[in-house]
Amino acid sequence: MGGAFDPIHTGHLLAAEAARDQYELEEVWFMPSHQPPHKAKAGVSGEQRLEMVKAAIQSNPAFQPLDIELRRGGISYTVDTMKQLLAEHPAYEFYFIIGADMVNYLPKWEGIDELVQMITFIGLQRPGSMLELDSLPEFIQDGVVLAEMPLVDISSSLIRSRLRQGKSIRYLVPDAVYDLMIRSGAYGIHP
């Protein structure tokens, strides 16, 4: 599961667990991107986002942090990440967990022709995003499976907006992430 995780929130964890459970995945690797191709620069450093990921997933032994994209630097294209992971773990079968908004965007992904040969995408329905699998090219449709999850209307941009407005984000992020944000002053949060 890749993304900016700017910050990681309970919706990310629910999505990962839904995909893990429904497709009997042994592990879910959380890979904070260095620079997503479709988003502006992250609100905090990659190191801070990785620390928040570690804090968020520490209680689930099936969840693991992976800093592959942070170490590589530059724009984080999934195709590059998957080539590297497949070279390092040739016996593994990989899935890539994404929200419905990203499923609809797959035709624009860098190297999508190669990606659908390397991995299976697990698409999760999100509030406000219509999953239009039938509108995708057939070669992409064949590389996507769907998972159900509780519909939770939480996003990293909502959390950052609430912080700018001085509103609480407690319970939108795991307690360990909230505590880390306060201790580090991430996003200008204060107790």
Asks: Give the ring-plane orientation class for Phe5 versus Phe30, where under 30° counts as parallel, over 60° as perpendicular and anything between as tilted.
Replies: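 Tilted: the ring planes of Phe5 and Phe30 meet at 30° to 60°.
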Asks: With Arg71, which residues qualify under salt bridge (Lys or Arg N to Asp or Glu O under 4.0 Å), at least two apart?
Replies: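 Applying salt bridge (Lys or Arg N to Asp or Glu O under 4.0 Å) to Arg71 gives Asp67.
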Asks: Is it possible for you to say whether Leu180 and Leu50 belong to one hydrophobic cluster, with membership spreading through side-chain heavy-atom contacts below 4.5 Å?
Replies: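 No: no chain of side-chain contacts under 4.5 Å links Leu180 to Leu50.
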Asks: Are any non-hydrogen side-chain atoms of Val173 and Ile159 less than 4.5 angstrom apart?
Replies: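 Yes, close enough: below the 4.5 Å cut-off.
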Asks: Under the 3.5 angstrom rule, does the side chain of Gln22 hit a backbone N or O of Glu148 as a donor-acceptor pair?
Replies: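 Yes, the answer is positive, given that a donor and an acceptor are paired below the 3.5 Å cut-off.
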Asks: Could you give all pairs that pass the salt bridge (Lys or Arg N to Asp or Glu O under 4.0 Å) test and reach residues 2-20, with sequence neighbours left out?
Replies: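 Sorted pair list: Asp6-Arg160, Glu17-Arg20.
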Asks: If the test is side chain to side chain contact (heavy atoms under 4.5 Å, CB included), which one of Leu106, Val116, Thr120 qualifies with Val144?
Replies: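 Of the listed options, the one satisfying the test is Leu106.
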Asks: Any side-chain heavy atom of Met31 sitting closer than 4.5 Å to one from Thr81?
Replies: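 Yes, their side chains come closer than 4.5 Å.
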Asks: Just one of Trp109, Tyr23, Tyr95 clears the ring-ring contact (aromatic ring centres under 6.0 Å, His included) bar with Phe121, so which one?
Replies: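 Result: among Trp109, Tyr23, Tyr95, Trp109 is the only option passing the ring-ring contact (aromatic ring centres under 6.0 Å, His included) with Phe121.
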Asks: Is a donor on one side and an acceptor on the other found under 3.5 Å between the side chain of His34 and the backbone of Ile75?
Replies: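 The answer is no, because no donor-acceptor pair under 3.5 Å joins these two groups.
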Asks: Quick one: are Glu114 and Met118 in side-chain contact, heavy atoms under 4.5 Å?
Replies: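 Yes; the side chains approach each other to less than 4.5 Å.
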Asks: Centroid-to-centroid, Trp29 to Phe94, below 6.0 Å?
Replies: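 Between Trp29 and Phe94, the centre distance is under 6.0 Å.
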